[in-house]
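Order of the sequence lines fixes the chain letters, A, B, ..., with proteins taken first and strands second; residue numbering starts at 1 for each chain.
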There are 2 protein chains.
Amino acid sequence: MNREIPDDAVQKEALRRFKANVFQVLGHPTRIHIVECLRDGELTVSAILDQVAVEPANASQHLSVLRSKGLVVNRKEGNQVFYSLRDPLLIEVLDTMKLYFKKHLEEAMSMLQGMEG
Amino acid sequence: MNREIPDDAVQKEALRRFKANVFQVLGHPTRIHIVECLRDGELTVSAILDQVAVEPANASQHLSVLRSKGLVVNRKEGNQVFYSLRDPLLIEVLDTMKLYFKKHLEEAMSMLQGMEG
DNA sequence: TTAGTATATTCGATTATTCGAAATTACTAA
DNA sequence: TTAGTAATTTCGAATAATCGAATATACTAA
């Protein structure tokens, strides 16, 4: 198999798919919100719900996505489930992004108008 | 309007939507590939097509997404269109991500198996 | 056991993304 | 003009993402 495409290219493509997957997980406002909430440490689902005002079922679904793609981990303690970020490096990505956003804020805002208009 | 939700929260939510939008744009392997191609400078669509083996129409659609969300810019020169990254900061995001990926490569690979299996 | 709280899963409808094929626009060179 | 290359747009079908409602599981306390 793979007589024409070199192994290297196949692996690079696989890596790109993986990257795309991670970005896609971050590609939803509610999931971004959840990740931001977890910035300073672990939280229970209830605590997350206090900040991220969505249906519990919906939050669970988003947490499930974050979990399945390895961005967050969870631990159970009695009645509750605590979530936390898998790797603080993710915060760095978000912080670099924050720089990007700050820089492009003005155009970002006018762009937002267009997005939902 | 917005009698109950403070302005600040509304703006934060707007910003999150914008961030999500950018991440979503990066949430496709072909678009990641295109951005990576543009890492070292501008390229014509043809040159991009040489590296990213997809239908021209498909590449155009992805470039259109990258353009409309402001991640790339283009200029026309005669018969051809040159694309380049809007802001090198984007590369930094990608580079931070690269660290993340390197760190999680092993699990990443087993995760990829699950994704397409 | 029963009732109550915390979280997760399943289901079905809606909306969004994605792709290739076909048609289109914009240039260039003969 | 005509033919040819570069890039884009439109269309329609297939697939994926999203949400709330309803249901289910797991734990706790009475």
K.L.:
Taking A:Ser60's backbone N and O only, do any of them form a donor-acceptor pair with A:Ser64's side chain (distance below 3.5 Å, no angle check)?
P.N.:
no
K.L.:
When you measure from every atom of DNA chain D, which of residues 26-41 of chain A have a heavy atom less than 4.0 Å away?
P.N.:
A:His28, A:Arg31
K.L.:
For the backbone of B:Val25 and the side chain of B:Arg31, can you confirm whether one donor and one acceptor N or O come within less than 3.5 Å of each other?
P.N.:
yes
K.L.:
Apply salt bridge (Lys or Arg N to Asp or Glu O under 4.0 Å) to the pair A:Glu36 and B:Arg16, showing each step before the final yes or no.
P.N.:
CA-CA 10 Å; A:Glu36 286 176 348; B:Arg16 250 176 262 125; 3.4 Å; yes
K.L.:
Please give, in whole Å, the distance from C:dT7 P to A:Asn74 CG?
P.N.:
11 Å
K.L.:
Scan B:Leu85, B:Leu49, B:Val52 and name whichever one has a side-chain contact (heavy atoms from CB on, under 4.5 Å) with B:Cys37.
P.N.:
B:Val52
K.L.:
Applying ring-ring contact (aromatic ring centres under 6.0 Å, His included), can you list everything that pairs with B:Tyr83, at least two apart in sequence or on another chain?
P.N.:
none
K.L.:
How many Å lie between NZ on A:Lys69 and C1' on D:dA17, as a whole number?
P.N.:
11 Å
K.L.:
Does C:dA6 have OP1 or OP2 sitting under 4.0 Å from an N or O in the side chain of A:Tyr83?
P.N.:
no
K.L.:
Roughly, in whole Å, what's the span from CD in A:Gln24 to C1' in D:dA17?
P.N.:
8 Å
K.L.:
Using whole Å, report how far CG of A:Leu63 lies from P of C:dT9.
P.N.:
10 Å
K.L.:
Base, sugar-phosphate alone, or nothing: which one does A:Phe82 contact when heavy atoms must sit under 4.0 Å apart?
P.N.:
nothing
K.L.:
Within residues 43-56 of chain A, which residues have any heavy atom lying less than 4.0 Å from an atom of DNA chain D?
P.N.:
A:Glu55
K.L.:
Taking all non-hydrogen atoms of both residues into account, name the closest pair between B:Leu90 and B:Leu26 and its distance.
P.N.:
CD1-CD1, 4.4 Å
K.L.:
How far apart are the C-alpha atoms of B:Asn58 and B:Gln61, what are their side-chain angles, what is the distance that settles it, and do they pass the side chain to side chain contact (heavy atoms under 4.5 Å, CB included) test?
P.N.:
CA-CA 5 Å; B:Asn58 193 5; B:Gln61 286 164 343; 3.7 Å; yes
K.L.:
Scan residues 40-70 of chain A for pairs that pass ring pair (Phe, Tyr, Trp, His ring centres under 6.0 Å), counting only residues two or more places apart or in two chains.
P.N.:
A:His28-A:His62
K.L.:
Could you state the atom-to-atom distance from CZ of A:Arg75 to P of C:dT7 in whole Å?
P.N.:
12 Å
K.L.:
Would A:Asp95 and A:Lys98 count as a side chain to side chain contact (heavy atoms under 4.5 Å, CB included) here? Give the steps.
P.N.:
CA-CA 5 Å; A:Asp95 280 348; A:Lys98 198 179 280 179; 4.2 Å; yes
K.L.:
For B:Leu38 and B:Ile48, what are the C-alpha separation, side-chain angles and deciding distance, and is it a side chain to side chain contact (heavy atoms under 4.5 Å, CB included)?
P.N.:
CA-CA 8 Å; B:Leu38 296 176; B:Ile48 293 171; 4.2 Å; yes
K.L.:
Please tell me which of the listed nucleotides, C:dC19, D:dT9, D:dA21, lies nearest to the side chain of B:Ala57?
P.N.:
D:dT9
K.L.:
With hydrophobic residues grouped by side-chain heavy-atom distances under 4.5 Å, do B:Phe101 and A:Leu89 end up in a single group?
P.N.:
yes
K.L.:
Rounded to whole angstroms, how far apart are CG on A:Asn58 and P on C:dG12?
P.N.:
19 Å
K.L.:
Nearest to the B:His62 side chain among C:dT7, C:dC19, C:dT17, which nucleotide is it?
P.N.:
C:dC19
K.L.:
Rounding to a whole Å, what distance do you find between B:Leu66:CG and D:dT8:C1'?
P.N.:
15 Å
K.L.:
Could you give all pairs that pass the salt bridge (charged side-chain N to carboxylate O under 4.0 Å, His left out) test and reach residues 41-52 of chain B, with sequence neighbours left out?
P.N.:
B:Glu42-B:Arg75
K.L.:
Base of C:dT10, side chain of A:Gln61 - is there a donor-acceptor contact under 3.5 Å?
P.N.:
yes
K.L.:
Produce the list of close N/O pairs, under 3.5 Å, pairing protein atoms with atoms of nucleotides 25-30 of chain D; give distances to one decimal.
P.N.:
none

